[in-house]
Amino acid sequence: MVFSGIQPSGRLHIGNYVGAMKNMIALQDEYFCIYGIVDYHAMTVRFDPKEMEMSIFSAAVDYIAAGIDPEKSVLMLQSTVSEHTELAWILNTITPISWLSRVPTFKEKSKENPDYVHMGLFDYPALMAADIILYKAHVVPVGDDQVAHLELTREIVRRFNSYFGQTFPEPEAKLGEISRILGLDGVNKMSKSLGNCIYLDETKEEIWKKLSTAVTDTNRKKRNDPGNPDICNIFTMHKAFSKQEDIEHCAHGCRTAGIGCLDCKKILLDNMYKELEPIQNKQKELRNKKDYIYEVLRDGKKRAKQIAQKTMDEVYEKIGIDSYHK
Ligand code: SF4
């Protein structure tokens with residue numbers, strides 16, 4: 001069983017696509033997967049209620065367009081399966097404050113928004129643990145920035161099992177082949193707030209405008225200087241989007257100064273857009289199928305709830321209150 005959360009946080013960029021989505025899509029052939037649009041997590045930052053419905057809709061559209069198949073996998077909305085928060089509360093009662101306070105995201109977000117530090121922000125790793133173990137997931141596809149959270153989930157699982165008896169498996173993180181591509185600045189993580197992204201729905205012209213000025217190997221000052229693809233973010237993008245032949249051609253051309261950075265980027269642009277164009281076409285088609293998207297989420301809720309209720313029956317039995325829940 002696989003579980004992964006999808007943030008309904010607006011436009012997706014290729015960092016999201018390469019770091020998490022591609023992995024989630026591939027795992028569908030190997031495992032039964034539950035993918036949750038995690039609206040409760042999206043509420044840990046300031047949000048506009050008028051935009052929430054559309055953000056959830058867009059997340060569902062984007063993930064189906066990219067390849068999440070609702071016939072194969074369960075695509076559901078977290079807040080429609082109330083067992084997520086029921087289990088999170090129980091996990092709250094066994095999770096030490098010291099474990100939560102060392103999570104790097106809490107520190108980062110508190111620094112970014114010092115006026116908006118609240119319990120939900122501090123406690124969301126416990127909800128995240130509940131999201132995963134509610135379905136007894138063994139595998140969680142993650143980007144490298146999520147590994148620390150999953151380690152915390154494993155600790156919470158060990159504690160629950162030791163207090164109340166073996167109940168949950170310890171989930172394993174599954175990193176994609178390319179777990180991270182940096183932003184166009186070549187230094188920071190690709191992030192909307194830093195403005196260094198290529199979005200999944202951008203036209204080829206818009207992407208070229210960004211790629212053509214993106215940072216490469218900064219030691220390669222002139223066209224005749226040999227470069228080092230291993231420290232170039234454009235080359236990492238090649239590994240995510242280009243076929244082997246082009247990857248080898250660019251690596252060799254870079255090391256021998258046989259290829260210029262603009263030529264290298266043009267090859268990347270063609271390969272990247274070849275992959276993004278069918279996703280964009282599907283996005284356009286699905287945006288007009290509101291009933292279908294709502295039906296997918298309703299069906300996902302039904303299927304997820306069946307599993308979640310079974311887990312909660314077992315949890316209530318383990319913690320000694322099952323007779324009141326029958
Ligand atoms: Fe990067 Fe390609 Fe330029 Fe080499 S040739 S530095 S891999 S963009």
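In listed order, ligands and their atoms are each counted from 1. Just so it is clear, the values below take in all heavy atoms, side chains as well, and ignore hydrogens, waters and symmetry mates. Computed from a prediction, not measured in an experiment: that's the story for all the values here.
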In the protein, what heavy atom is nearest to [atom], and what distance, to one decimal place, separates them?
| atom | answer |
| --- | --- |
| atom 4 (Fe) of ligand 1 | Cys254 SG, 2.3 Å |
| atom 5 (S) of ligand 1 | Arg220 NH1, 3.2 Å |
| atom 8 (S) of ligand 1 | Thr216 CG2, 3.5 Å |

- Is atom 2 (Fe) of ligand 1 less than 2.8 Å from at least one N/O/S atom of Cys264? yes

- Does ligand 1 have an atom that lies less than 4.0 angstrom from a heavy atom of Lys265? no

- Under 3.5 Å donor-acceptor, Lys174 side chain and Val139 backbone: no

- Message: Take a 6.0 Å sphere around CD of Glu53 and say whether it holds more than 12 heavy atoms from other residues, nucleotides or ligands.
- Response: no

- Can you tell which of Arg11, Lys282, Lys284 makes a salt bridge (Lys or Arg N to Asp or Glu O under 4.0 Å) with Asp201? Arg11

- Message: Would a single hydrophobic cluster contain both Tyr292 and Ile56, if residues Ile, Leu, Val, Met, Phe, Trp and Tyr are joined by side-chain heavy-atom contacts under 4.5 Å?
- Response: yes

- Check each heavy atom of Asp217 against ligand 1 and say whether those closer than 4.0 Å belong to the side chain, the backbone, both or neither. both

- Taking 2.8 Å as the cut-off, does an N/O/S atom of Cys261 lie below it from atom 3 (Fe) of ligand 1? yes

- Task: Assess Cys232: does it contribute an N, O or S atom lying under 2.8 Å from atom 1 (Fe) of ligand 1?
- Result: yes

